[in-house]
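Okay, structure first, notes after.
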Amino acid sequence: MTVEITLFKGEVQDKKAARWFMARPNPAGELDAVKLETTLLEMWSKEGAFQQSIETRRNGAPFIFLEGPPTANGKPGIHHVVARAYKDLVCRWKTMEGFKVERKGGWDTHGLPVEIEVQKRMDLMSNEAIEAYGMDNFNQACRESVWTYESAWREMTERMAYWVDLDNPYVTLENSYVESCWWAIKQMFDKGLLYRGHKVLPYCPQTGTSYSSHEVALGYKEVEEPSVYVKFKLSDEEASILAWTTTPWTLPGNVGLAVGPEVTYVRVRVTEVAENWSGEGGASVGEIVILAKDLMKEVLRHNVEIIDEFPGRDLVGRSYEPLFPEAVPRGESTTAWTVLEADWVTTTDGTGVVHTAVMYGEDDYNLGMAAGLPAYHTVGMDGAFLEGTHPLLDGRYVKECDQTIIELLSSPKGSNGSGPESGLLYREKAYLHDYPHCWRTDHPLLYYAMDSWFVRMTAVKERLLEFNDGVEWAPDWVGEGRFGEWLRNVKDWAISRERYWGTPIPVWRTEDGQMKCVGSIEELQSEVAKAVAAGIANPECPDDVDLHRPIVDGFTLVSDDGKPMHREPFVMDCWFDSGCAPFAQWHHPFDGGETFDSSFPVDYICEGVDQTRGWFYTLLAVSTTVFDKPAYKRCLSLGLILDAEGKKMSKSRGNIVDPWDHFNREGADATRWYMVTAGAPWNPLKFDSNGVRETYAKMFLTLWNVYKFHADYAALDNFDPDASTSDVASRPSLDRWILSRLATTAQNYHADFKGWNFHKACRDLEDFIVNDVSNWYVRRSRRRLWDDSESSDKLACQHTLHEILTTVCRLVAPVSPFMVDVIHRNLTGETVHQAAWPLGVPGTLDGATADAWDEQAAAATATLPPQDVELEGVMELVRELAEVGRRIRIDAGRRQRLPCSQGWIVAGLEMSEFHDILAEELNVESIAVEDDLDRFQQIALAPNFRALAPKARSEVNAVAGEIKHSQDPVGLLESIRAGTCVIMGISIEESDVEIKRIERPGFAASTVQVGQGDDAVQISLVLDMNDTPELLSKGLARDVTRRIQAKRKDMDLVIEASIDLEVWMRNAPEMFEDDRAWIVTETRAAGAVFHDAKANPPSDAEHFEVDGAEIWFTVK
RNA sequence: GCGCGGGUGGCUUAGUCGGUUAGAGCACCCGGCUGAUAACCGGGAGGUCGCAGGUUCAAGUCCUGCCUCGCGCACCA
């Protein structure tokens, strides 16, 4: 298929001249959406259309958008297109409203994802390997790696027409960006919100890094693991305390047992061997164990007798035998391997006794510190047991030792050689639970005590909540619910990472704990100078010193009392970087001061709902701690993108849809429109490829054909919308109707936009284009443009089409910006992306801000045609009657092309101006209005439950039945009106019933209802089914014509071509001269012969039958 | 376990303050219409509105419990 799409012709020098030239539409041509879009992209690029769209709104009120930075080291998928479509949509919409909407691009370039990628590629899977390779080399590789897919991102972004400035993006690895982050950290440091602590954190030994809660939340997985019940043998009694753990690897580190002081425990003796024992472990008859009373049934598998009961506090202080005597040195501790009390011990699971390994659990650690337990690691940073733990465990990855530990415990006398003969293991049990895993490597995380830096978010909790209240969330329940809940449970933010590629923490520290936080390059330089002056050697610190490891590690500063200070060897959580975007993108406060001041907090951000704990949070966390302000005013939180089966799209599942599959088939317009109409933005979107195809076929093909219809005739007639006028008030009612529908649709569209209901807006607009414009207005108007001569009616139609199309283009433009631009350009000579929003341009008003403007003044800038609600109602009725007419014919078995002499409209609204349309639609000779309702209609009464129910109560159904099935509704109505109607003791008033009129039986008729409630009107359509020779002749002529036209189309004749026609008829009604002449005109027959019934048609003639008549014809 | 959001013909979905016949689109079948486009119109088949109770004259809609899917939180021994 060859395609020609005419856009601008030649260079446009003089805008006015060009406009005059261009305002005359060119023919539309056939549609090739992909070619249309790619051609247009080149033109946009040449014109600088994006920049221009901002430039012309330079004086508008600013609407500040902030781009959430993606990482370019992964390939973009369709789910990225969705997020970008909504970002783009709102920015384009606000731009058309006259706001200045700048869109700076951004790239997230630091952090674990980047490191992992590089580690995999270069096979540097441990920290040792990285350090052996050289941190500088490694970081250089990271620096390059982040751009791996930049071109793929750029191409996707451009192809989908996401207008964002990728030529001047902010990049989190750049010095200026990092310097702003440093400044922010120093603000926190100075406010005392930054602290160094020792905490048990989820730790991933593979990546060598610990995580903050929002990262851990990314990686919960359900796993089944062995859990064990272990007997801790008391030192001074032949009895054991039972404790339970799901992490057997922490048992060598056991140094205490915690019991609830108020919990009731029992001492029991095994009396009988357990039946059906499975797995390892056990107990001998006579053995004595201690556990919480509530959990006996859960835990014990032997028959036992209770020896005594006592509260937990009676156990406190008792000492027991260590499971792995070599693993942890006692040191100074007097409390090691004794029973401790803790009020958080419950009896919901386990044994009511909590095994405590100081370094591997938050509660354990706190308890251990309070009770003076020895704080020794049994596990190294690499996740393997340290030497000296146990000969069979040393050096092995802890998660692989479960079975070994179980075996050691279950051997006679147990792992410590001093347990009961039955061993130290009582039972093992598979345990199913959600356990945190590394969101990058999928390995289970270990809770692990380590040094870390924290932001004291708990100190600003109230402010966080307060600021969140001020944010306009879409949907609102994300803000109130999910995000609010998160904030109410806010924890201090663990922001340090034991990694290499990231923003280094700018804190230097002496061995005795004095600290200094550096907030800028300049400050670093002066501190370095100070240190050099104090005699500490340092490398050069130039203005462009690279603010990364290992460069910054090389500087040694000096404390006030002259001691050397070394940088804390951490980098920041990369989420901190993106949380700094509102100011770091401008290099605030070192640069661009005004830009920042006028653009903070930002007006609009939009990301997937998965960013709730990510970017949505870190933005607010940083802005609150640094500026004591919120970071954004509006946040659109998008639902997850699922595949057609409803599964989450993810790289690991391999179900990611490649956006190019659709860009190259249906185009970006259809892809974007589909995504927006498929459901509410915040609902999960099942991405269905077939849906994109449907959108293309329905929405865009239809729009194009409406446009084509207009443009082709407009070009033929040299139509110039500016050179002629057509007063709307004097246009035909069909035109006034569609223009009113346009105004109504546009207003609803806009209202839905304001409420973030883009899906509703677009569904309704699509419905308007397909049903109102294409299937009714254009279909009804085709003949108006076929006329070669000029007429006011034709002109009206052309102006109407022009107005519909230009307005529709502007409404569609924010969502799907391509085709509508081609159409708008051809119709007006101007790009739609410079056009004004049809509902007004508040951004251009004096004193307007992104948040508020003079509504009245804004409304005055709208450019919509007049609305006529009544007219819309009448037309709705007309269309309904047209449909009803077809049904009447089908029921009566009368074919559509056989005219009826008369149709009656019974009662109802005045609609004489549409009688012509109706007559044509219904194929009747004339329409009459019948005032005598009773000629074709009868009354039916229906109960009005709302009114009736309160009176009738439980009798309502019986009363309603009486009304509904009344044999004499007329009489019943009379008695109701007379106030004498009583059914089952209930007095019935007129408001208790609905009076309906329905068609009388025996006519070819049907009744429709329009309006609701009191405004409801029943209108009947009646068709006269009697035949006359004239009608039969006319009907036959129409059938013949239709067959000939089909043949013409079949023969690929151009519309103007004339034909030679011969027709043979047998068993047919007489065809009158007028109707023959009509056939000749309609089919453009230059010569026509109508043979009489005796002539034999040639064998190659076309043949068909209609109502028993046989027809042959030839077309040449 | 707690919270949020879903569950409506084969698929995608609409459904207002509870009102008696649950509405569209796609796909399917039949018919019609067409110099109108992968279009349009009429009809058909296809629904235990997740399940079970409850409130009510009346429940897709309100209440309770449960099942199920997704997401989030807490996960502790």
Side-chain angles (χ1 to χ4, degrees), chain A residues 31 213 217 220 227 243-247 250 257-258 342 344-346 348-357 360-364 433-436 447 475 477-478 480-483 485-486 489 609-610 612-613 639-640 642 644 646-648 677-679 682-684 686 688 690-691 693-694 696-698 701-702 704-706 708-709 759-760 763 767 770-771 774-776 778-779 782 786 882-891 895-897 921 923 942-950 952-960 964 1042 1044-1046 1048-1050 1053-1055 1082-1084:
Chain A
L31 177 62
S213 44
Y220 274 93
S227 71
W244 181 64
T245 182
T246 56
T247 50
T250 60
L257 293 173
W344 41 261
V345 174
T346 65
T348 49
D349 43 20
T351 63
V353 180
V354 177
H355 140 69
T356 300
Y360 311 110
E362 197 175 338
D363 285 335
D364 307 46
H433 65 154
D434 282 339
Y435 193 83
Y447 284 89
W477 48 260
V478 168
E480 286 158 18
R482 187 170 293 192
F483 197 57
E485 187 190 331
W486 170 261
N489 294 322
V609 70
D610 51 321
T612 309
R613 267 70 188 198
L640 279 175
L642 313 172
K647 297 253 165 36
K648 188 172 167 176
T677 49
W682 43 82
N683 281 344
K686 274 195 204 175
D688 180 7
N690 197 40
R693 197 203 64 84
E694 261 175 47
Y696 171 74
K698 194 147 199 151
L701 256 186
T702 305
W704 184 259
N705 282 303
V706 170
K708 182 169 153 54
F709 172 69
H759 58 306
K760 284 188 188 167
R763 284 173 182 175
D767 189 61
V770 172
N771 287 320
S774 177
N775 291 345
W776 192 251
V778 169
R779 187 165 70 84
R782 273 181 191 278
W786 289 352
E883 282 175 20
V884 159
R886 297 180 202 236
R887 196 162 33 209
I888 296 172
R889 279 178 179 275
I890 287 165
D891 291 347
R895 62 183 215 272
Q896 185 68 34
R897 285 184 214 90
E921 286 288 324
N923 194 16
N944 176 9
F945 282 89
R946 263 186 229 273
L948 213 49
R953 303 282 181 108
S954 59
E955 308 289 347
V956 70
N957 280 326
V959 177
K964 214 188 305 184
R1042 133 100 175 106
I1044 297 167
Q1045 302 290 40
R1048 281 182 62 112
K1049 201 174 178 179
D1050 222 33
L1053 294 181
V1054 293
I1055 292 174
E1082 283 293 303
T1083 61
R1084 291 188 183 247

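Quantities reported herein were computed from a predicted structural model and do not represent experimental measurements. Each chain gets a letter, A, B and so on, in the order its sequence line appears, and its residues count up from 1.
We find the CG-NZ distance between A/Leu31 and A/Lys708 to be 10.0 Å, quoted to the nearest 0.5 Å. Annotation: the span from A/Arg482 atom CZ to A/Trp477 atom CH2 amounts to 6.0 Å, rounded to 0.5 Å. Note that CZ of A/Arg889 and CZ of A/Arg897 are 10.5 Å apart. Values are rounded to the nearest 0.5 Å.
Nearest nucleotide to the A/Asn683 side chain, out of B/rU37, B/rG19, B/rG5: B/rG5. Checking B/rG72, B/rG25, B/rC57 against every side-chain atom of A/Glu694, the shortest atom distance belongs to B/rG25. The side chain of A/Trp486 has B/rC73 as its nearest neighbour among B/rC57, B/rC73, B/rA77. Picking from B/rC57, B/rA77, B/rU37 the nucleotide with the shortest atom distance to the side chain of A/Leu701 gives B/rU37. When distances run from any side-chain atom of A/Asp363 to the nucleotides B/rC73, B/rC76, B/rC41, the shortest one goes to B/rC76. Across B/rA38, B/rA77, B/rC4, the shortest atom-to-atom separation from the side chain of A/Arg482 is found for B/rC4. Set against B/rA39, B/rG19, B/rG72, the side chain of A/Asn775 has B/rA39 as its closest nucleotide. When distances are taken from the side chain of A/Arg946 to each of B/rC73, B/rC17, B/rG35, the shortest belongs to B/rC17. Distance from the side chain of A/Trp477 is smallest for B/rC4 among the nucleotides B/rC4, B/rC26, B/rA77. Closest contact between the side chain of A/Trp344 and the listed nucleotides B/rA77, B/rC73, B/rU13 involves B/rA77.
To the nearest angstrom, P of B/rA39 lies 14 Å from CG of A/Asn771. Rounded to whole angstrom, the span from the CD1 atom of A/Ile888 across to the P atom of B/rG32 amounts to 19 Å. Whole-Å rounding puts the A/Trp682 CH2 to B/rG70 P distance at 23 Å. Atom NZ in A/Lys964 sits roughly 15 Å away from atom P in B/rA58 (whole-Å rounding). Atom-to-atom, CG of A/Asn957 to P of B/rG19 comes out at 15 Å; the value is rounded to the nearest Å. B/rA77 atom C1' lies 16 Å from atom OH of A/Tyr360, rounded to whole Å. Rounded to an integer number of Å, the gap from CZ of A/Phe709 to P of B/rU37 is 12 Å. One can place NZ of A/Lys760 at 20 Å from P of B/rU12, the figure rounded to the nearest angstrom.
Note on A/Arg889: nothing from the nucleic acid sits closer than 4.0 angstrom, heavy atoms only. Looking at heavy-atom distances under 4.0 Å, A/Thr246 makes contact with sugar-phosphate atoms alone, never a base. No engagement by A/Lys708 is indicated, since no non-hydrogen atom pair under 4.0 Å with the nucleic acid exists. A/Tyr696 comes within contact range of at least one nucleobase, with a heavy-atom separation under 4.0 Å. Nucleic acid contact class of A/Leu948 (heavy atoms, under 4.0 Å, all strands): none. Contact annotation for A/Glu883: backbone-only contact, meaning every heavy-atom pair under 4.0 Å involves sugar-phosphate atoms and none involves a base.
The two atoms that bring A/Gln1045 and A/Glu1082 nearest to each other are NE2-O, 3.1 Å, heavy atoms only. Considering all non-hydrogen atoms of both residues, A/Trp244 and A/His355 come closest at O-CB, 4.3 Å. Taking all atoms of both residues into account, the shortest heavy-atom contact from A/Lys698 to A/Val770 is O-CG2, 3.9 Å. In plain terms, the two heavy atoms of A/Pro943 and A/Leu948 that are nearest each other are CB-CD2, 4.0 Å. Here the closest non-hydrogen pair linking A/Ala949 and A/Val956 is CA-CG2, 3.9 Å. Among all heavy-atom pairs drawn from A/Thr245 and A/Thr247, the shortest one is OG1-N, 3.0 Å.
Comparing A/Val770 and A/Ile1044 by the nucleotide of RNA chain B whose heavy atom lies nearest to each, the residue mapping closer to the 5' end is A/Ile1044. With RNA chain B read from its 5' end, the first of the two nearest nucleotides for A/Ala678 and A/Ala697 is the one closest to A/Ala678.
B/rC63 and B/rG18 have their P atoms separated by 10 Å, given to the nearest Å. Nucleotides B/rA39 and B/rG3, compared at atom P, are 49 Å apart to the nearest Å. Rounded to a whole angstrom, the distance from the P atom of B/rG65 to that of B/rC2 is 10 Å. Between the P atoms of B/rU61 and B/rC51, the separation comes to 10 Å (whole Å). Annotation: B/rG70 and B/rU34 have their C1' atoms spaced 46 Å apart (nearest Å). Across B/rG10 and B/rG47, the matching C1' atoms stand 12 Å from one another, rounded to whole Å. On the P atoms, B/rU48 is 15 Å away from B/rG23, given to the nearest whole Å. B/rA52 and B/rG5 are spaced 24 Å apart, taking the P atom of each and rounding to whole Å.
Contact annotation: side chain of A/Arg897 to base of B/rC33, donor-acceptor pair absent below 3.5 Å. For B/rG35, the base has a donor-acceptor partner in the side chain of A/Arg1048 [N/O atoms by modelled type, under 3.5 angstrom].
Using N1 to N3 plus N6-O4 or O6-N4 for Watson-Crick, or N1-O2 and O6-N3 for G-U wobble, each under 3.5 Å, B/rA45 pairs with nothing. When Watson-Crick and G-U wobble pairs are counted only if both distances are under 3.5 Å, B/rU56 pairs with no nucleotide at all. Base pairing of B/rU13 is made with B/rG23, judged by Watson-Crick or G-U wobble geometry with both donor-acceptor distances under 3.5 Å. Summarising the base pairing, B/rG1 is matched to B/rC73 through a Watson-Crick or G-U wobble pair whose two defining distances lie under 3.5 Å. If you check B/rU34 for Watson-Crick or wobble pairing at under 3.5 angstrom, you find it has no partner at all. Under the Watson-Crick or G-U wobble criterion, with both distances below 3.5 Å, B/rC66 is paired with B/rG50.
When the side-chain nitrogen and oxygen atoms of A/Arg1042 are compared with OP1 and OP2 of B/rU34, one or more of them lie within a distance under 4.0 Å. Here A/Tyr447 reaches the OP1 or OP2 of B/rC76: one of its side-chain N or O atoms lies under 4.0 Å away. For B/rA39, neither phosphate oxygen OP1 nor OP2 lies less than 4.0 angstrom from any side-chain nitrogen or oxygen of A/Thr702.
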